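Starting from 1, each residue takes its place in the sequence as its number. This is a predicted model, so every value here is computed, not measured.
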Amino acid sequence: MAEAKWYVVHTYSGYENKVKESIQKIIENRNLQEEILEVRIPMEDVVEVKNGTRKTTQKKMFPGYVLINMVMNDDTWYVVRNTRGVTGFVGPGSKPVPLTDVEMRSLGIRTENVSVDFAEGDTIVVIAGPWKDTVGAVQRIDFGKQAVTINVELFGRETPVEIGFADIKKFN
């Protein structure tokens, strides 16, 4: 069986959530869970200040686009392409082009599976980056972003910091 890759689908503006729901229903109805693995709308946290109050909201990173992790074949192409609200795949002509690993990492989505030798509560040391030589306890592990959150002392208080797997090692 072919490997699943991430593709970008262009939608009518404002139809991203409807397209996502429609494709998820089609996956369920047609039993395509093995071929269409995930449908995502990339979101980012944005801090807005209105009337002196700070409010964090989620905004779409790319309005009018939806990401789909799928095995590309004639059936899956037809299903996605003919979903109401979809205008087409991103790519030259009618041939969809999958996103590269580098493009996926910039979106905060990792494609490779990683195993780590530490768990929540373990002590780790940062070996690279601005927090080099900092020691902290793992508060949270995010395998999707391939990062851990540790608390570091900053200006006399504990502050959570997110650090990539490549920049840390288990403290002996």
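- Closest heavy-atom contact between Pro92 and Val97: CD-CG2, 3.4 Å.
- The 12-atom threshold is exceeded at NZ of Lys60, counting heavy atoms of other residues, nucleotides or ligands nearer than 6.0 Å.
- Taking every heavy atom of both residues into account, Glu162 and Ala147 meet most closely at CG-CB, 3.6 Å.
- Side chain of Arg140 to main chain of Ile150: no donor-acceptor pair is present (N/O by atom type, distance under 3.5 Å, no hydrogens or angles).
- In this structure, the side chain of Gln139 engages the main chain of Ala137 through a donor-acceptor pair within 3.5 Å.
- In this structure, the separation between NZ on Lys55 and NZ on Lys50 is 6.0 Å, given to the nearest 0.5 Å.
- Heavy-atom neighbours of Asn82 CG from other residues, nucleotides or ligands within 6.0 Å: above the threshold of 12.
- Taking each heavy atom of Pro42 and Arg40 in turn, the nearest pair found is CD-O, 3.7 Å.
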message = Using the rule given for side chain to side chain contact (heavy atoms under 4.5 Å, CB included), can you reason through Tyr15 versus Val66, listing the C-alpha separation, both sets of side-chain angles and the distance that settles it, and then say yes or no?
response = CA-CA 10 Å; Tyr15 276 70; Val66 174; over 6 Å; no
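- If you chain together hydrophobic residues whose side chains sit under 4.5 Å apart, Val79 and Val8 never meet in one group.
- If you take CG on Asp75 and CD on Glu35, they are separated by 6.5 Å, rounding to the nearest 0.5 Å.
- Ser22 is not listed as a side-chain neighbour of Arg84, based on a closest heavy-atom distance of 4.5 Å or more.
- For Phe118, the CZ atom sits in a packed shell: over 12 heavy atoms of surrounding residues, nucleotides or ligands are nearer than 6.0 Å.
- Note that CG of Leu37 is 8.5 Å distant from CH2 of Trp6, once rounded to the nearest 0.5 Å.
- With rounding to the nearest 0.5 angstrom, the OG1 atom of Thr76 is 9.0 Å from the CD1 atom of Ile68.
- In this structure, Val39 and Gln24 approach most closely via the heavy-atom pair O-NE2, 4.3 Å.
- Going from atom OG1 of Thr149 over to atom CD of Glu120 covers 9.0 Å, rounded to the nearest 0.5 Å.
- Here the closest heavy-atom approach between residue Thr11 and residue Thr87 is recorded as N-OG1, 4.1 Å.
- Closest approach of Pro160 to Asn151, counting heavy atoms only: CA-OD1, 3.4 Å.
- Cluster membership check: Ile127 does not share its hydrophobic cluster with Val148, using side-chain heavy-atom separations under 4.5 Å among Ile, Leu, Val, Met, Phe, Trp and Tyr.
- A continuous path of Ile, Leu, Val, Met, Phe, Trp and Tyr side chains, each step under 4.5 Å between heavy atoms, connects Val19 with Leu32, placing both in one hydrophobic cluster.
- Using a 4.5 Å heavy-atom cutoff, the side chains of Leu67 and Leu99 are in contact.
- Thr100 OG1 to Glu103 CD: the interatomic distance, rounded to the nearest 0.5 Å, is 3.5 Å.
- The one candidate from Asp122, Val125, Ile124 that meets the side chain to side chain contact (heavy atoms under 4.5 Å, CB included) condition with Phe171 is Val125.
- Within 6.0 Å of CD in Glu28 there are 12 or fewer heavy atoms belonging to other residues, nucleotides or ligands.
- Neither Val80 nor Phe62 shares a network with the other; the hydrophobic side chains, linked directly or stepwise wherever heavy atoms of I, L, V, M, F, W or Y lie under 4.5 Å apart, form separate groups for each.
- Connection of Val9 to Met43 is established within a shared hydrophobic cluster, with ILVMFWY side chains joined at heavy-atom distances below 4.5 Å, either directly or through further cluster members.
- Taking the six-membered ring where the residue is Trp, the centroids of Phe89 and His10 are separated by 6.0 Å or more.
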